[in-house]
Amino acid sequence: MEERIIRACIALFNRKGCRFTLDDVVAELKISRKTFYRYFPSKEKALTVLIDRMHESIRARQQVVFEDPALCTREKLRRCLTIESKFEADIDLERIYQVEQYYPEVYRHFMEVYEMDWDDIESLLLRGMEEGVLRRENVDLIKNLLKNGMKMLYQGDFLSRNKITYHEALCQTVDIVLRGIDADPRTA
């Protein structure tokens, strides 16, 4: 039932944005409020659990890439930074900015989760620099550029204004940070 509630929240979020109510959730699932409360104390907690599951999904997929001996360091880094969660195809990420306005605690949790688990990325950056496939640069600066570039995609209506999906914007952000914007890298 917990999974069904999460899925209903996603569907309602996609249709109504953050304005969906607990009554909408129970009506969608044809369950009572009591049944909902058996699994979650509030709609906000259901959204927080969704965020945690998205994060766990990404981490699990990153770990598979990180441990894949067939991939070079550069490819591991790019794939780890652009992995989609199992929910990403289902949720309208263009609306995620609404969460900050309507559910600031949920949004704060979302941003805190975003800050976690950058150790593998740092390790890949350092390994790439040691191997000579990445320029030696300040690793903290690179991580912060990546983190803040990714965060920017969730803030305001950036995605909808630019008519770009989250994943397309994420890939472009990662490519710009890792490769730069110079059309001919020999002139940089």
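Sequential numbering from 1 along the given sequence is applied to the chain's residues.
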Strictly distance-based, threshold 3.5 Å: is any side-chain N or O of [X] a donor or acceptor partner for the main-chain N or O of [Y]?
X      : Y      : result
Ser57  : Arg53  : no
Asp68  : Val64  : no
Arg74  : Val133 : yes
Thr173 : Ala169 : yes
Gln98  : Cys18  : yes
Lys147 : Tyr114 : no
Asn138 : Leu141 : yes
Arg33  : Val26  : no
Glu168 : Thr165 : yes
Thr82  : Cys171 : no

Minimum heavy-atom distance [X]-[Y], with the two atoms named:
X      : Y      : result
Ala8   : Val25  : CB-CG1, 4.5 Å
Tyr166 : Leu153 : CE1-CD1, 3.8 Å
Leu124 : Cys80  : CD1-SG, 4.1 Å
Leu134 : Leu125 : CD1-O, 3.8 Å

Practice task
Might you confirm whether atom CZ of Arg19 has over 12 heavy atoms from other residues, nucleotides or ligands at distances under 6.0 Å?
Solution key: no
Side-chain touch [X]/[Y], heavy atoms, less than 4.5 angstrom:
X      : Y      : result
Arg136 : Glu130 : yes
Arg127 : Leu77  : no
His55  : Asp117 : yes
Tyr37  : Leu22  : yes
Leu50  : Phe13  : no
Phe20  : Lys43  : yes

Problem - side chain to side chain contact (heavy atoms under 4.5 Å, CB included) between Gln172 and Ile164, intermediate numbers included - result: CA-CA 10 Å; Gln172 285 184 28; Ile164 188 169; 3.6 Å; yes
ILVMFWY network linking [X] to [Y], side-chain heavy atoms under 4.5 angstrom:
X      : Y      : result
Phe158 : Val99  : yes
Phe87  : Met1   : yes
Val65  : Met150 : no
Leu178 : Ile83  : no
Phe40  : Val106 : yes

Assess whether a salt bridge exists between [X] and [Y], defined as any Lys/Arg side-chain N lying under 4.0 Å from an Asp/Glu carboxylate O.
X      : Y      : answer
Glu3   : Arg7   : yes
Asp120 : Lys76  : no
Lys143 : Glu115 : no

Rounded distance [0.5 Å steps], [atom1] in [X] versus [atom2] in [Y]:
X      : Y      : atom1 : atom2 : result
Ile31  : Tyr39  : CD1   : OH    : 8.5 Å
Asp23  : Phe36  : CG    : CZ    : 10.5 Å
Arg61  : Glu84  : CZ    : CD    : 8.0 Å
Ser32  : Arg38  : OG    : CZ    : 7.0 Å
Ile58  : Met116 : CD1   : CE    : 11.5 Å
Glu105 : Lys45  : CD    : NZ    : 12.0 Å

Exercise for the section: I would like to know whether Asp24 and Thr21 meet side chain to side chain donor-acceptor pair (under 3.5 Å); could you show each step before the answer? Expected result: CA-CA 5 Å; Asp24 293 330; Thr21 65; 3.2 Å; yes
